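Structure, as structure tokens:
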Number of protein chains: 2
Amino acid sequence: MTMSDIFDALAHPIRREVLEMLKLGGMTAGEIADQFPVSKPTMSGHFAKLKAAGLIRGENRSGSITYTLNLSTLEEALLGFMGRVGIGSGEADHQGKAGDTA
Amino acid sequence: MTMSDIFDALAHPIRREVLEMLKLGGMTAGEIADQFPVSKPTMSGHFAKLKAAGLIRGENRSGSITYTLNLSTLEEALLGFMGRVGIGSGEADHQGKAGDTA
DNA sequence: AATCTATTTCGCTATTTAGCTAAATGACGA
DNA sequence: TCGTCATTTAGCTAAATAGCGAAATAGATT
């Protein structure tokens with residue numbers, strides 16, 4: 001659940017797409033896997049990374065596993081990083097704003 | 001400069017830290033490299049990736065190279081992705097800026 | 001030109017990641 | 001229990017990534 005876990009998880013296009021799909025609601029591992037041209041074990045590995053990063057949650061529901069998006073983790077990580085590089089609301093850092101001498 | 005380039009660039013902690021450092025202003029390659037416990041050739045490789053992703057710009061200034069943060073690329077990518085997963089303004093899919101699936 | 005400094009490119013090795021098939025696990029229905 | 005479906009784990013290979021030291025390049029300075 002560290003910051004690096006999260007950015008590692010986001011590094012793979014398939015994993016980013018999985019997150020996008022889950023935006024619309026929970027889906028089972030199989031349903032998700034069917035949308036991608038890789039094997040199910042490979043997809044299972046992607047799910048494991050997303051789960052390790054805290055970006056999705058798996059719920060065991062009657063024989064299959066439904067994954068749901070954990071939006072708050074993602075939001076916290078991305079907004080936090082954006083703040084640190086100076087994007088968005090000024091809650092980035094407490095001292096000098098960008099723009100002074102290099 | 002694709003979406004994947006950007007997220008690949010963000011995957012490495014050193015590269016994320018470089019971006020944070022540059023928030024305060026431009027720095028030369030050597031100045032940046034001195035802050036990290038890896039060799040200069042290794043840092044040079046990190047700069048190359050950040051540059052390929054469009055996240056920094058290098059300016060040749062009197063014998064050394066000053067890198068500056070290209071905030072707009074980063075902002076566009078992160079806000080775009082956040083929009084796609086449903087973070088931020090309710091608008092989910094704005095305009096696809098990256099059609100990469102590789 | 002010769003040299004010095006800053007940075008990158010070139011080989012090279014070690015580690016990590018992504019993908020596969022095959023086998024194992026877990027839950028469910030007959 | 002037996003078989004079946006859904007998913008994960010195990011074991012492997014190929015490719016990508018990160019790191020290094022040595023050498024090459026590019027600008028300045030002498």
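Predicted model, so just to flag it, every value in this text is computed and none were measured. Chain letters run A, B, ... following the sequence lines, proteins first and then strands; every chain starts at 1.
For residues 59-76 of chain A, the pairs satisfying salt bridge (charged side-chain N to carboxylate O under 4.0 Å, His left out) are A/E59-A/R61, with sequence neighbours left out. A salt bridge (charged side-chain N to carboxylate O under 4.0 Å, His left out) check over residues 35-50 of chain B, counting only residues at least two apart or in different chains, returns the pairs B/D34-B/K40.
Residues forming a ring-ring contact (aromatic ring centres under 6.0 Å, His included) with A/F7 (at least two apart in sequence, or on another chain): A/F81. Shown here are the side chain to side chain contact (heavy atoms under 4.5 Å, CB included) partners of A/S4, two or more places apart in sequence or in another chain: A/T2, B/P13, B/R16. Legend: residues meeting side chain to side chain contact (heavy atoms under 4.5 Å, CB included) with B/T42, ordered by chain and number and at least two apart, are B/V38, B/S39, B/H46. Residues passing the salt bridge (charged side-chain N to carboxylate O under 4.0 Å, His left out) test with B/E17: none are found, sequence neighbours excluded. Under the rule for a side chain to side chain contact (heavy atoms under 4.5 Å, CB included), the partners of B/A53 that lie at least two apart in sequence or sit in another chain are B/D5, B/I6, B/A9, B/L55. Remark: A/E31 engages A/M27, A/T28 in a side chain to side chain contact (heavy atoms under 4.5 Å, CB included) (not counting sequence neighbours).
Pairing each heavy atom of B/L79 with each of A/M82, the nearest pair is CD2-CE, 3.5 Å. The shortest heavy-atom contact between B/Y67 and B/A29 is CE1-CB, 3.8 Å.
A nucleotide of DNA chain D counts as in contact with chain A when one of its atoms lies under 4.0 Å from a heavy atom; the first and last such, 5' to 3', are D/dA6 to D/dT9.
Distance B/F36 CZ to C/dT7 P: 15 Å, rounded to the nearest Å. Computed from coordinates, the B/R61 CZ to C/dT7 C1' distance equals 16 Å when rounded to whole Å. For B/I32 and C/dT7, the CD1 to C1' distance is 12 Å, given to the nearest whole Å.
In this structure the side chain of A/F47 reaches within 4.5 angstrom of the side chain of A/I32, judged on heavy atoms.
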Set out, line by line, the N/O atom pairs under 3.5 Å between protein and nucleotides 1-5 of chain C.
none

Between the protein and nucleotides 8-11 of chain C, which nitrogen or oxygen pairs are less than 3.5 angstrom apart?
residue	atom	partner	partner atom	Å
C/dT8	OP1	B/Y67	OH	2.4
C/dT8	OP2	B/S44	OG	3.0
C/dT8	O5'	B/S44	OG	3.1

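Residues from residues 8-22 of chain B lying near DNA chain C, meaning a heavy-atom separation below 4.0 Å, are absent.
Put simply, the side chain of B/T66 never gets that close to the backbone of B/G26: no donor and acceptor are under 3.5 Å apart.
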Notebook entry, point to check: Between A/N70 and A/S72, does a side-chain hydrogen bond (donor to acceptor under 3.5 Å, both in side chains) hold up when you go through it step by step?
Noted result: CA-CA 6 Å; A/N70 194 356; A/S72 59; 3.3 Å; yes
